[in-house]
Number of protein chains: 2
Amino acid sequence: MSEHPNIQEAKRPERATADTVAKLAGVSRVAVSRAFNPHASLKKEKRDLILKIAKELGYTPDMAGRALVTRRSHLVGVIVPDVCSPWESQEIDALTTALQGEGFATLLFKTRTDQSMDERLLTYMKGFNLDSIIAFAENVSPDTLTHSLGRAVPIYVSYSEDGSLPNQPGSTSVFDRLIVDQKTGIDQAVALMQAYGCRNFAYLGGTTTSLANTERERAFKCIMKERGLPDPLVLQGDYTYETALASTLDLFKVGEGVDGIFSANDVGAFGVIDALRFQLGLRVPEDVKVVGFDDIAQSGWLSYNLTTVKIDLEDRVRALVRLILRRLKDPNAPAMTETLQTRLIVRGTVGS
Amino acid sequence: MSEHPNIQEAKRPERATADTVAKLAGVSRVAVSRAFNPHASLKKEKRDLILKIAKELGYTPDMAGRALVTRRSHLVGVIVPDVCSPWESQEIDALTTALQGEGFATLLFKTRTDQSMDERLLTYMKGFNLDSIIAFAENVSPDTLTHSLGRAVPIYVSYSEDGSLPNQPGSTSVFDRLIVDQKTGIDQAVALMQAYGCRNFAYLGGTTTSLANTERERAFKCIMKERGLPDPLVLQGDYTYETALASTLDLFKVGEGVDGIFSANDVGAFGVIDALRFQLGLRVPEDVKVVGFDDIAQSGWLSYNLTTVKIDLEDRVRALVRLILRRLKDPNAPAMTETLQTRLIVRGTVGS
DNA sequence: TTGTAGGCGTTATCAG
DNA sequence: CTGATAACGCCTACAA
């Protein structure tokens with residue numbers, strides 16, 4: 001249709017490239033690159049011109065091309081067993097917001113809870129050249145990650161300071177850790193339950209392979225002992241509502257029941273409460289007191305109004321992002337650590 | 001430390017590249033590439049050898065390099081206002097699983113609900129060269145997406161067949177649609193409520209700018225009319241528990257109340273129920289009947305046990321993935337459409 | 001401050 | 001079936 005038919009014009013509109021912008025601005029390709037890099041030196045008016053033309057053409061630097069040479073993909077991988085578990089989705093939400101603010105995008109990977117990290121998933125992930133990896137799935141050791149994930153730097157969330165990390169001795173891999181000190185919050189929970197007369201406690205666990213669960217159980221038992229309370233019953237769980245419900249029914253139908261239940265997570269506590277109220281005809285908190293862990297949004301809903309140990313999500317995400325950025329700035333820095341506190345949020349499931 | 005000090009050896013172990021594998025296998029770089037592409041022709045034993053050596057070296061093709069030439073990033077962008085909203089997180093979970101199975105990774109982007117799509121976010125996203133984009137945020141028109149997102153193909157979820165799409169007339173952009181037929185499910189809901197004696201209805205909306213909400217309200221009113229029922233009261237909402245709770249309190253404290261409430265989503269219905277039961281001293285379903293929309297996992301929890309209109313998540317995700325794959329196979333195919341049905345799940349919040 | 005040359009890791013193309 | 005060569009879009013290094 002144009003006066004001088006041109007093969008290029010026949011093609012459908014391709015994405016504008018740096019060359020296109022350069023040609024229109026009468027500068028070199030490199031100048032365009034510099035215009036988009038704040039640190040590069042470039043005469044202000046030239047930069048402004050380039051940016052203006054780029055905007056008109058809808059040009060954006062291609063991350064793939066950039067990643068090839070800078071070795072920074074600006075991609076952060078997040079490994080989760082269940083995006084739809086409330087706690088995880090709330091964490092992913094906050095994390096994505098924070099990372100986006102720093103120019104990183106969140107890449108989601110799912111792994112099954114019930115088995116150890118799939119090797120195929122790892123090699124698959126490696127292909128994307130992630131800058132960092134946050135493994136919420138606790139069935140994967142940081143060594144495995146370090147070993148199989150190129151330049152990505154894993155961050156490991158652990159729940160005690162004495163290094164209960166599943167890494168082989170003699171490992172040379174450096175990994176950063178976010179330590180969650182759960183003892184404070186759990187102690188407050190036990191104290192409150194004890195004060196309201198609980199004598200027989202049960203601990204409803206999460207997935208047994210989960211480090212968070214293992215450490216939570218250990219801390220709970222330890223605190224029970226410190227307070228001169230008898231060893232708690234331990235109920236099998238997997239962080240789900242359904243299992244929590246079933247385990248609670250078992251506890252009261254087969255056994256003699258208890259008067260205080262501490263659940264490894266909030267969703268489990270919901271299952272406990274519903275089993276007590278709707279299947280066993282018991283009152284919460286009058287007959288049985290219940291405490292959860294996480295303080296997800298749903299715990300504030302009036303039907304549950306759950307007393308629970310809170311991990312501050314904003315703090316947690318900020319700490320994670322700090323770790324990521326510091327590690328990216330200096331890949332050879334020694335292992336870094338951030339510590340997080342927990343505290344009890346008192347609502348209506350412990351009382352008289 | 002080695003006998004012949006070598007500069008390369010001094011560096012810390014870099015990721016293995018195709019050349020490394022090629023050298024060790026005694027083949028060309030291209031052969032390595034072919035070994036990882038099932039369709040390429042390569043003698044079986046040669047492929048096996050290459051794959052074996054690649055595994056030993058921990059080599060995986062680099063997606064960035066590959067994307068540069070194939071123009072396929074294997075990245076699918078998902079735009080959401082709230083990852084932590086249960087419905088969205090459940091959808092993202094299912095979608096990630098499905099996409100992962102097809103070799104695509106899910107890239108998460110957050111946009112604020114309360115304002116139209118940020119242009120900065122769009123250019124930011126473009127840089128990642130997404131293969132496809134699913135906009136759950138309904139405040140962004142497909143035209144905007146098509147215009148500013150290079151080769152990515154947006155998929156649009158709409159809620160009526162008569163094209164209530166916010167695209168400018170004269171637009172030439174092709175976009176695929178997933179149509180959710182909500183009338184069937186809503187009609188079943190109204191029929192049930194009516195059968196149990198509801199006379200005065202209220203509709204609790206979601207975010208007013210949300211297409212899902214607009215169409216849900218329209219369908220609800222339309223069905224009310226068809227059944228000879230009076231126009232429903234419309235309550236302001238934004239899909240959140242808190243707002244639903246407050247709106248319900250208003251409704252009964254300022255006005256005369258109603259005996260049937262239809263909420264634009266399940267979480268809103270939870271807020272309604274809790275307001276009725278815990279703040280207003282009313283019984284559900286005896287005094288007021290409540291129906292939700294979505295059928296999230298929490299709706300089955302005994303404290304709510306919500307009667308709700310279900311969109312089958314598995315169906316929905318399968319349809320989305322079908323659209324993505326078909327469009328990727330033939331970028332110039334005419335616009336495609338998938339349709340989804342809804343149906344009522346009867347639980348305990350409508351009855352006598 | 002600016003431009004030129006080279007290469008990041010991969011696949012498409014073409015020749016054998 | 002296989003290999004050499006030339007891109008893909010970008011940035012770093014160097015030279016002017």
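The sequence lines fix the lettering, A, B, ..., with proteins before strands; numbering per chain opens at 1. Side-chain atoms are counted along with the backbone in the values below, which use heavy atoms only and exclude waters and symmetry mates.
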Problem - B:V76 side chain reached by B:T106 side chain, heavy atoms, under 4.5 Å - result: no
Handout entry: Heavy-atom donor-acceptor pair, B:H74 side chain to B:G103 backbone, under 3.5 Å
Key =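 Confirmed, B:H74 side chain pairs with B:G103 backbone.
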Rounded to whole Å, please give me the gap between [atom1] in [X] and [atom2] in [N].
X     : N      : atom1 : atom2 : value
B:K23 : D:dG3  : NZ    : P     : 15 Å
A:R72 : C:dC8  : CZ    : C1'   : 15 Å
A:K43 : C:dT1  : NZ    : P     : 10 Å
A:I50 : D:dC11 : CD1   : P     : 12 Å
B:L57 : C:dG9  : CG    : P     : 14 Å
A:R47 : C:dT1  : CZ    : P     : 9 Å
A:L68 : D:dC11 : CG    : C1'   : 10 Å

Practice task
May I ask you to check whether B:F104 and A:Y124 place their ring centres under 6.0 Å from each other?
Solution key: no
Practice task
Take B:G26 and A:A64, find for each the nucleotide of DNA chain D with the closest heavy atom, and name the residue whose nucleotide sits nearer the 5' end.
Solution key: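 Mapping each residue to its closest nucleotide by heavy atoms, the 5'-most match is B:G26.
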Handout entry: For the student: nearest non-hydrogen atoms of A:K110 and B:D93, plus distance
Key = NZ-OD1, 2.8 Å
Exercise for the section: For the pair A:D48 and A:K44, find out whether any cationic side-chain nitrogen is under 4.0 Å from an anionic carboxylate oxygen. Expected result: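 A salt bridge is present here (some side-chain N lies under 4.0 Å from a carboxylate O).
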Handout entry: Ion pair B:E45/B:K52, N-O distance below 4.0 Å
Key = no
Exercise for the section: Would you indicate, yes or no, if D:dC1 has its OP1 or OP2 atom less than 4.0 angstrom from a side-chain nitrogen or oxygen of B:K46? Expected result: no
Exercise for the section: Would you give a per-nucleotide map of nucleotides 10-16 of chain C, 5' to 3', where B means the base has a protein non-hydrogen atom under 4.0 Å away, S means only the sugar-phosphate does, and - means neither? Expected result: BBB----
Problem - A:R71, nearest nucleotide to its side chain (from C:dG9, D:dA4, D:dC1) - result: C:dG9
